[in-house]
Every structure is written in structure tokens, then in C-alpha cells.
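Note that this is a predicted model, so its numbers are computed, not measured.
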Amino acid sequence: MIRLSLEESPAMKDLHERNEVVRVPVIELFRSNSRELTLGVFGILCVFVVVYARDTFALSWATTHLGFGKDSFLTIILIASLVQFFVQPFGAVLATRWNPRTLVTFLLALEVPALALMFVLMGTGNWTLAMIGAVLATIPDVMFYAIMAGMLAQAFPARVRYTGISVTYGLSGALCGTTPMILQWLLDTSGSIVVPVAFGVVTTLISLFCSRALLGRKTAEAAADEPATVSATH
């Protein structure tokens, strides 16, 4: 309903007026903005990996190895999701007041120990500690998620911006779709939770470096669309 009432951005209106709308934007995206697309796909990997690690893999691990009841652990996931509902908007708010690149660096650097701590606290078998771990790992991840749309909007010029955001999100989500199976395979083959945790940490570090590179890079076209970029970020 919200989207039905939205107008085109000023940058897109300008493209229409100049008759410079790209006929097949996805082809133009891969041809002219493949580097931004690649950085975007790997820059947001952790958004999906953390959620799959918490909601799917950790649920299986906790109920089969740690003695948690399914309903009991689903309550932990529910509490973490409720925290997400209230905390996530603050990521976008802070991104309008602080340097987004600095904020993203801080949040993802914080996610690295938070993700590891989540599994350590779950490994105690204590419900309260496991809940605290899930919440702590959720906060920096979802605040980064709130910044993600503006970060991607800033990366692509207006003529392929919507396609760039959609394809980046879709490819990254598809790439991470097997995360629960990978984590379970790592646990089964290694016999230690340390290896799946290391996978999550490495993925988060990849997102950290790629998102920093993406925020530090602007195409000439995107820079020319600066007013529209700011509007998209807000």
C-alpha cells in the first residue's frame, strides 16, 4: 500500500524527461556496474548468515545437542525478533547523523564477537544466557540491515538503481540460502561448534570489508545523482 502511493524519485523523473531510461536495466547493471554489484552481494552476506545461524541452525543445535526444548528455544528466537522490531530503525537514524561508513564498520566489527558470544552462551545450556546471547547477536546485525537499503541506493546510478538493489539482495539471499546446511555439515564433520562459528565470523568480516569498499566508492553517475541518493538513504 505504501509503494502504490510513492512517486518516482527526482533523479528518475529527470531520466524520463531526458529520454535516457534504460530499456533493459539488468543488462546495463552487469555491463556497467558489475563491481558495485559484486561488492554489494558480498557486503550484505552477514545479514542473511546471522539470521540463518540464529533461527535455523542454532535451533537444531540447541534442541539436538544442548537439551533445549523446541518451544523453549523458539521463545528465545521470538524475543530476539521482538528486540529487532524496536532496535532496527535506530540503525537508519544513526546513519543520518554519523558517517555511514564509520557506523557500518563499528556495527559489523561488533557483530564478530557478538556472534561468537551467542554460541558460547547457548552452549552453557542456560535459557537466560542463551536468550541474552541471541539478543546481543541480533542488535548490530539488524541495525546494519536498516542501513543496507541506503548503502545500496548510494552505490548505483539512477538508471539502474532499483534493479541494482533488487539483484544484489536476491543474489546475496540465494547465495546464503544453504547457510544452515553448511553450518550443520561443518558441525558434523568437525565435531566442534567452533568451526561453524568461524564460518559465521569469516562471513561477517567479508561483509565488513566489502561494505566499506562499497560505501567508499561512487560511480560518476551515482555522484551526479547525489540529491536522489540522499533521499533514498533517508
Contacts of Thr189 meeting side chain to side chain contact (heavy atoms under 4.5 Å, CB included) (sequence neighbours excluded), chain-then-number -> Trp185
Excluding Val194, membership of its hydrophobic cluster (Ile, Leu, Val, Met, Phe, Trp, Tyr; side-chain heavy atoms within less than 4.5 Å) reads none
Side chain to side chain contact (heavy atoms under 4.5 Å, CB included) for Val120 and Ile193? Distances and angles first, verdict last. CA-CA 9 Å; Val120 170; Ile193 192 62; over 6 Å; no
Report task. Group every Ile, Leu, Val, Met, Phe, Trp and Tyr by side-chain heavy-atom contacts under 4.5 Å, then state whether Val83 and Phe90 land in the same group. Result -> yes
Across all chains, not counting sequence neighbours, the side chain to side chain contact (heavy atoms under 4.5 Å, CB included) partners of Ala116 are Val197
Residue set satisfying ring-ring contact (aromatic ring centres under 6.0 Å, His included) with Phe68, at least two apart, ordered chain then number -> Phe73
Checking Leu175 against Phe48 for the side chain to side chain contact (heavy atoms under 4.5 Å, CB included) test, could you report, in this order, the C-alpha distance in whole Å, the side-chain angles of both residues, the deciding distance, and whether it holds? CA-CA 9 Å; Leu175 190 62; Phe48 302 99; over 6 Å; no
Heavy-atom closest pair (Met122 atom, Ala134 atom, distance to 0.1 Å) is CE-CB, 4.1 Å
Between the CG atom in Leu215 and the CG atom in Leu152, the distance rounded to the nearest 0.5 Å is 9.0 Å
Separation between OG1 (Thr38) and CG (Asn33), nearest 0.5 Å, reads 10.5 Å
CD of Gln84 to CE of Met143, rounded to nearest 0.5 Å, is 12.0 Å
Separation between CG (Asn126) and CE (Met131), nearest 0.5 Å, reads 9.5 Å
The residue among Val41, Val167, Val49 that forms side chain to side chain contact (heavy atoms under 4.5 Å, CB included) with Ser172 is Val41
Residues 141-152 vs side chain to side chain donor-acceptor pair (under 3.5 Å), sequence neighbours excluded, gives Tyr145-Tyr169
Q: Output yes when a side-chain donor or acceptor of Thr163 lies under 3.5 Å from a complementary backbone atom of Val160, and no otherwise.
A: no
Residues Cys176 and Leu45: closest non-hydrogen pair is SG-CD2, 3.4 Å
Nearest heavy-atom approach of Ala114 to Pro140 is CB-CG, 4.4 Å
Phe57 and Pro180 have their tightest heavy-atom pair at CD1-O, 4.3 Å
For residues 51-71, the side chain to side chain donor-acceptor pair (under 3.5 Å) pairs (sequence neighbours left out) are Arg54-Thr138
For residues 109-125, the side chain to side chain donor-acceptor pair (under 3.5 Å) pairs (sequence neighbours left out) are none
TODO: State yes or no: do Ile132 and Leu78 share one hydrophobic cluster built from I, L, V, M, F, W and Y residues joined by side-chain heavy-atom distances below 4.5 Å, directly or via other members?
DONE: no
**Message:** Same cluster or not: Met118 versus Leu187, using hydrophobic residues (I, L, V, M, F, W, Y) connected whenever any side-chain heavy atoms lie under 4.5 Å apart?
**Reply:** yes
Leu103 and Ala95 have their tightest heavy-atom pair at CD2-N, 3.5 Å
Those residues at least two apart in sequence (or on a different chain) that pass side chain to side chain donor-acceptor pair (under 3.5 Å) with Asn99 are none
Taken in chain and number order and not counting sequence neighbours, the residues that satisfy side chain to side chain donor-acceptor pair (under 3.5 Å) with Thr102 are none
Could you state whether Leu208 and Trp98 fall into the same hydrophobic cluster, counting links through intermediate Ile, Leu, Val, Met, Phe, Trp or Tyr residues with side-chain heavy atoms under 4.5 angstrom apart?
yes
Output for pair (Cys46 SG, Phe144 CZ), nearest 0.5 Å, gives 5.0 Å
Scanning both residues in full, the closest heavy-atom pair of Ala155 with Leu214 reads CB-CD1, 3.6 Å
Review point. Do Met151 and Tyr162 sit in the same hydrophobic cluster, where Ile, Leu, Val, Met, Phe, Trp and Tyr count as joined when their side-chain heavy atoms come under 4.5 Å apart?
Key: no
By side chain to side chain contact (heavy atoms under 4.5 Å, CB included), Ile27 pairs with (sequence neighbours left out) Val24
OG1 of Thr128 to CD1 of Ile76, rounded to nearest 0.5 Å, is 8.5 Å
Residues passing the side chain to side chain contact (heavy atoms under 4.5 Å, CB included) test with Leu186, sequence neighbours excluded, are Ile182, Val195, Pro196, Phe199
The complete set of side chain to side chain donor-acceptor pair (under 3.5 Å) pairs with one or both residues in residues 200-211, sequence neighbours excluded, reads none
Using only atom types and a distance under 3.5 Å, with no angle test, would you say the side chain of Thr96 pairs donor to acceptor with the backbone of Val93?
yes
